[in-house]
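Residues: numbered from 1 along the sequence shown.
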Amino acid sequence: MERKQALVDVVTFSSEQSIDIKVLELVATGRGSMNAIIGDADQRFALFHQSIDWTRVVVATQNEVPVGFLAYKYNKKGPYAPSFRRFNEVFSVWTGWYRFLIFYLVEYFSTGNAFYVYGIKVQPNRRRQGIASRMLDHVESLANTTSLPYIELDVSDTNTAGLELYKKRGYRVVKSLDLSFLPTIFNFTKVHVMRKSLSKTLL
């Protein structure tokens, strides 16, 4: 049976704004694609909930209930910035240091001359209702007001629905990275870097 497209509101935040606990839980637990490094949902919440830059996050809601979020990087500043001390507190001194190192190496290499979509998550029971597209509409409009030439994102080879969506929206694969030598870090073996040129909007 075909699902009806949802009526979706996209919510943005300021750095001083108080955050609803349901929104905080959704965003702080992230997508889990690096769970071997940043842990399960409870560990991710403990790691991130006090270190989120909310100006780099948009949340999709239906009837005021959060159903998805999109996080992005701009000017090399992303949504999550947990400290070395926090990694040690959540995990241990023995494992916290290498988790911290790998996390920030991935952060470093995912920056560049682009407006970067850090991650998209839609609750499983709300998928295929246009929610991801609604958030991308908002963030692409925001990206078009910058001086950057393109918007960029990564998608794993196992995320066929995401790959199909991005291609329909005009993203193209510019390179593919083989991660099969890191089987314990990621739950996929290849990631595609996709890019879409920005058409400038005058303010």
Side-chain angles (χ1 to χ4, degrees), residues 12-16 19 23-59 68-121 135 139 142-143 146 148-159 162 166 171 173-195:
T12 59
F13 305 91
S14 67
S15 56
E16 298 83 15
I19 305 298
V23 172
L24 179 60
E25 288 174 347
L26 175 68
V27 177
T29 54
R31 297 169 298 156
S33 59
M34 286 181 61
N35 55 7
I37 298 302
I38 55 178
D40 60 24
D42 290 339
Q43 290 170 318
R44 295 195 300 272
F45 182 84
L47 188 63
F48 293 132
H49 76 282
Q50 293 180 324
S51 61
I52 298 171
D53 183 344
W54 290 96
T55 67
R56 296 294 190 266
V57 176
V58 300
V59 170
F69 79 93
L70 184 155
Y72 62 91
K73 279 186 177 183
Y74 174 51
N75 283 341
K76 298 188 177 182
K77 185 176 182 182
Y80 304 112
S83 66
F84 177 67
R85 177 179 179 181
R86 194 65 184 152
F87 269 89
N88 288 341
E89 290 172 346
V90 173
F91 300 103
S92 71
V93 174
W94 301 111
T95 65
W97 69 271
Y98 79 79
R99 292 173 187 267
F100 174 85
L101 178 62
I102 294 174
F103 177 81
Y104 278 100
L105 281 174
V106 172
E107 289 287 294
Y108 175 79
F109 286 111
S110 64
T111 60
N113 189 30
F115 191 106
Y116 179 75
V117 177
Y118 189 94
I120 303 175
K121 178 180 180 178
M135 292 189 290
V139 170
L142 176 61
T146 72
L148 296 174
Y150 49 80
I151 185 168
E152 193 171 271
L153 54 82
D154 300 335
V155 58
S156 70
D157 59 341
T158 57
N159 186 0
Y166 303 139
Y171 291 81
V173 176
V174 293
K175 62 181 174 181
S176 298
L177 305 175
D178 184 0
L179 303 177
S180 58
F181 64 97
L182 297 171
T184 61
I185 296 179
F186 301 103
N187 53 12
F188 45 84
T189 59
K190 183 179 290 186
V191 64
H192 304 294
V193 180
M194 304 189 74
R195 187 177 293 171

Trainee: Have a look at Phe100 and tell me which of Tyr104, Trp97, Phe103, Tyr98 forms a ring-ring contact (aromatic ring centres under 6.0 Å, His included) with it.
Mentor: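 Between Phe100 and the candidates, ring-ring contact (aromatic ring centres under 6.0 Å, His included) is satisfied uniquely by Tyr104.
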
Trainee: Stepwise, does the side-chain contact (heavy atoms from CB on, under 4.5 Å) test hold for Val117 with Tyr166?
Mentor: CA-CA 12 Å; Val117 177; Tyr166 303 139; 5.9 Å; no

Trainee: How many angstroms lie between CG in Asp53 and NZ in Lys77, if you round to the nearest 0.5 Å?
Mentor: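 Result: 4.5 Å between the selected atoms.
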
Trainee: With sequence neighbours left out, what residues match Tyr74 under side-chain contact (heavy atoms from CB on, under 4.5 Å)?
Mentor: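 For Tyr74, the residues satisfying side-chain contact (heavy atoms from CB on, under 4.5 Å) (neighbours in sequence not counted) are Arg56, Tyr72, Phe115, Thr146, Leu148.
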
Trainee: Measuring from Ile102:CD1 to Ile38:CD1, what's the distance to the nearest 0.5 Å?
Mentor: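 The distance works out to 11.5 Å.
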
Trainee: If you round to the nearest 0.5 Å, how far is CG of Leu177 from CG of Asp154?
Mentor: 7.0 Å

Trainee: Which heavy atom of Val173 sits nearest a heavy atom of Ser176, and at what distance?
Mentor: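 Reported closest heavy-atom pair: CG1-OG, 3.8 Å.
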
Trainee: Keeping Lys121 on the side-chain end and Gly30 on the backbone end, is there a donor-acceptor pair under 3.5 Å?
Mentor: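 Yes: the side chain of Lys121 pairs with the backbone of Gly30.
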
Trainee: Which heavy atom in Val57 sits nearest to a heavy atom in Pro79, and how many Å separate them?
Mentor: CG2-CB, 4.1 Å

Trainee: Of all the heavy-atom pairs spanning Met135 and Leu70, show the shortest one and how long it is.
Mentor: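 Smallest interatomic distance, heavy atoms only, reads SD-N, 3.6 Å.
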
Trainee: What's the verdict on side-chain contact (heavy atoms from CB on, under 4.5 Å) for Phe69 and Val23, showing C-alpha distance, side-chain angles and the deciding distance?
Mentor: CA-CA 9 Å; Phe69 79 93; Val23 172; over 6 Å; no

Trainee: Going by the rule side-chain hydrogen bond (donor to acceptor under 3.5 Å, both in side chains), which residues pair with His49 if we only count those two or more places apart in sequence or in a different chain?
Mentor: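 In terms of side-chain hydrogen bond (donor to acceptor under 3.5 Å, both in side chains), with neighbours along the sequence ignored, His49 is linked to no residue.
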
Trainee: Scan residues 80-106 for pairs that pass salt bridge (charged side-chain N to carboxylate O under 4.0 Å, His left out), counting only residues two or more places apart or in two chains.
Mentor: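 Every salt bridge (charged side-chain N to carboxylate O under 4.0 Å, His left out) pair that includes a residue of residues 80-106, provided the two are not neighbours, is Arg85-Glu89, Arg86-Glu89.
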
Trainee: Do Leu24 and Trp54 come close enough that some side-chain heavy atom pair is under 4.5 Å?
Mentor: yes

Trainee: Kindly indicate whether the side chain of Tyr80, heavy atoms from C-beta on, has any atom under 4.5 Å from the side chain of Val27.
Mentor: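 Contact flag for Tyr80/Val27 side chains = yes.
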
Trainee: For a quick test of reading the model, state the closest non-hydrogen atom pair linking Phe91 to Ile37 and the distance between them.
Mentor: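 Smallest interatomic distance, heavy atoms only, reads CZ-O, 3.8 Å.
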
Trainee: Got a second to check how far Phe45's CZ is from Leu26's CG, nearest 0.5 Å?
Mentor: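 If we round to the nearest 0.5 Å, Phe45:CZ and Leu26:CG are 11.5 Å apart.
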
Trainee: For Gln43 and Asn35, what are the C-alpha separation, side-chain angles and deciding distance, and is it a side-chain contact (heavy atoms from CB on, under 4.5 Å)?
Mentor: CA-CA 9 Å; Gln43 290 170 318; Asn35 55 7; over 6 Å; no

Trainee: For Ile151 and Tyr171, run side-chain contact (heavy atoms from CB on, under 4.5 Å): C-alpha distance rounded to whole Å, both residues' side-chain angles, the deciding distance at 0.1 Å, then the answer.
Mentor: CA-CA 9 Å; Ile151 185 168; Tyr171 291 81; 3.6 Å; yes

Trainee: Starting at CG of Leu153, measure out to CD1 of Ile120 and round the result to the nearest 0.5 Å.
Mentor: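 If I round to the nearest 0.5 Å, the distance is 6.5 Å.
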
Trainee: So, Asp40 side chain and Asp42 main chain: donor-acceptor pair closer than 3.5 Å or not?
Mentor: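 Yes, Asp40 side chain to Asp42 backbone: donor-acceptor pair under 3.5 Å.
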
